[in-house]
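What follows is a short report on a single structure.
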Protein chains: 2
Amino acid sequence: MASFVVLGHRADASGDFKLDDICGGAGRLDILVRCVNSAFFLSHGIRKENEAHLLLLGGRDAPRVVTFVGSEIRYLNPDERSTASLIRNALLKDPGPTPTKSSPGVYAAGKSLDALLDELAGKHSFVLLAEDGVDVREADIPENPCFILGDNQDPTEEEIRAISGYPFTKVSVGPLSLHADHCITVLLNEMDRRAPR
Amino acid sequence: MASFVVLGHRADASGDFKLDDICGGAGRLDILVRCVNSAFFLSHGIRKENEAHLLLLGGRDAPRVVTFVGSEIRYLNPDERSTASLIRNALLKDPGPTPTKSSPGVYAAGKSLDALLDELAGKHSFVLLAEDGVDVREADIPENPCFILGDNQDPTEEEIRAISGYPFTKVSVGPLSLHADHCITVLLNEMDRRAPR
């Protein structure tokens, strides 16, 4: 079981964007949808035990969190456009602080990083992806990890301060700095190898 | 330096498809464009030493090969839509047997798997991705590997026969069967770890 928090620093929380323009107008939402793909897809199924929380910090309705719950998901496809559409539909429901379901396994809520971390801290141990972290192949991965990743920008000082309010460890995925979705693939491959079978 | 051949069993070689419909009308071209992303993107740059050859086996103009050459690429973005657009532009040039350049580092040619393998065999050692292969962490990876992957369908018997005309090894990426683009990410992470620095 793994959870992921992806910090979408400019990702448009309003839902007021075109599906043809998820890189530009939607504030690099493309990065977040690729993270959803990496967090859930296997060749012949869905990683039902995983969850992904996309923090959208751009636009007039920020901050909002769109959450994908693997055990409930039904209409997830691997391509970017259809996942972006699920996210847009969730945002257009104009969610309040209580999570609103827009599709099986897809929820949105008006929520800050602080509130999200507070909610997750009871169930998960935080692991920050960082170039100066312990190589994931050598790292202790806690039982219910919640991996925190930036989008195309590293976490800000303020975000690091928020995370530092909880116990957390740092891991890296190897000698080169990778896109967030590629990091998730490498992390899950390591976890797959350690999982009892 | 790594090369990738991705077998797009239904991918439309004509270029006659809509960018909004790369999963459906374009015959799962979405899988191939994600493989391009995985083969080339680092956080802060392009893997210039890599090449990707997409074999498009669907539609009236099949077979065709669209090739991305890392050392020459200039207008590659990580999102699916823009890469699909590069592929469509390459196909719409109506390429013959000689590779036609449509954008820096992007070429198309009317070419079969046999012809592609014949061309690559001189420079590369073939490595087939297969669930019964040697785990990549334990495998000998040749100096100039050319990894061969299926899209959402395994290589056909005929394709395996074509590959068997050359020396090749088989590797797997771990205990679970992954999407082709995720396999590429895991392979390159292993190669990154072995590369002299």
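So that the names make sense, note that chain A is the first sequence line, chain B the second, and so on, each numbered from 1. None of the values given here were measured: they were computed from a predicted structure.
- Only the side chain of A/Arg47 comes within less than 4.5 Å of a heavy atom of chain B; its backbone N, CA, C and O stay farther away.
- With 3.5 Å as the limit, one finds no donor-acceptor pair spanning the side chains of B/Asn189 and A/His182.
- For the residue pair A/Ser177 and B/Ser43, a side-chain donor N or O sits within less than 3.5 Å of a side-chain acceptor on the partner.
- Between A/Val173 and B/Arg193 the shortest heavy-atom distance is O-NH2, 3.0 Å.
- Residues A/Arg28 and B/Pro78 come closest through the heavy atom pair NH2-CG, 3.5 Å.
- In the hydrophobic clustering of this structure, A/Tyr107 does not group with A/Ile73; members are Ile, Leu, Val, Met, Phe, Trp, Tyr whose side-chain heavy atoms approach within less than 4.5 Å, directly or through other members.
- With respect to chain A, the highest number of heavy-atom pairs below 4.5 Å among B/Asp79, B/Val186, B/Leu188, B/Ile184 belongs to B/Asp79.
- When the shell of 6.0 Å around CZ of B/Arg194 is examined, it contains more than 12 heavy atoms from other residues, nucleotides or ligands.
- Among A/Pro175, A/Cys23, A/Gly174, A/Ser38, the residue with the largest count of heavy-atom pairs under 4.5 Å with chain B is A/Pro175.
- When all heavy atoms are compared, the tightest approach of A/Arg81 to B/Asp20 is NH1-OD1, 3.3 Å.
- Interface summary for chain B: among A/Asn37, A/Asp30, A/Ile31, the most heavy-atom pairs under 4.5 angstrom belong to A/Asn37.
- The cluster map of Ile, Leu, Val, Met, Phe, Trp and Tyr, joined by side-chain heavy atoms under 4.5 Å apart, puts A/Leu76 and A/Val65 in different clusters.
- Taken together through direct or relayed side-chain contacts under 4.5 Å among Ile, Leu, Val, Met, Phe, Trp and Tyr, B/Leu116 and B/Leu7 form part of one hydrophobic cluster.
- Heavy-atom distances place the side chain of B/Leu176, and not its backbone, under 4.5 Å from chain A.
- A continuous path of Ile, Leu, Val, Met, Phe, Trp and Tyr side chains, each step under 4.5 Å between heavy atoms, connects B/Leu129 with B/Met191, placing both in one hydrophobic cluster.
- Under the 4.5 Å side-chain heavy-atom criterion for grouping Ile, Leu, Val, Met, Phe, Trp and Tyr, B/Leu86 is connected to B/Phe40 within one hydrophobic cluster.
- For B/Asp135, the part lying under 4.5 angstrom from a heavy atom of chain A is the side chain only.
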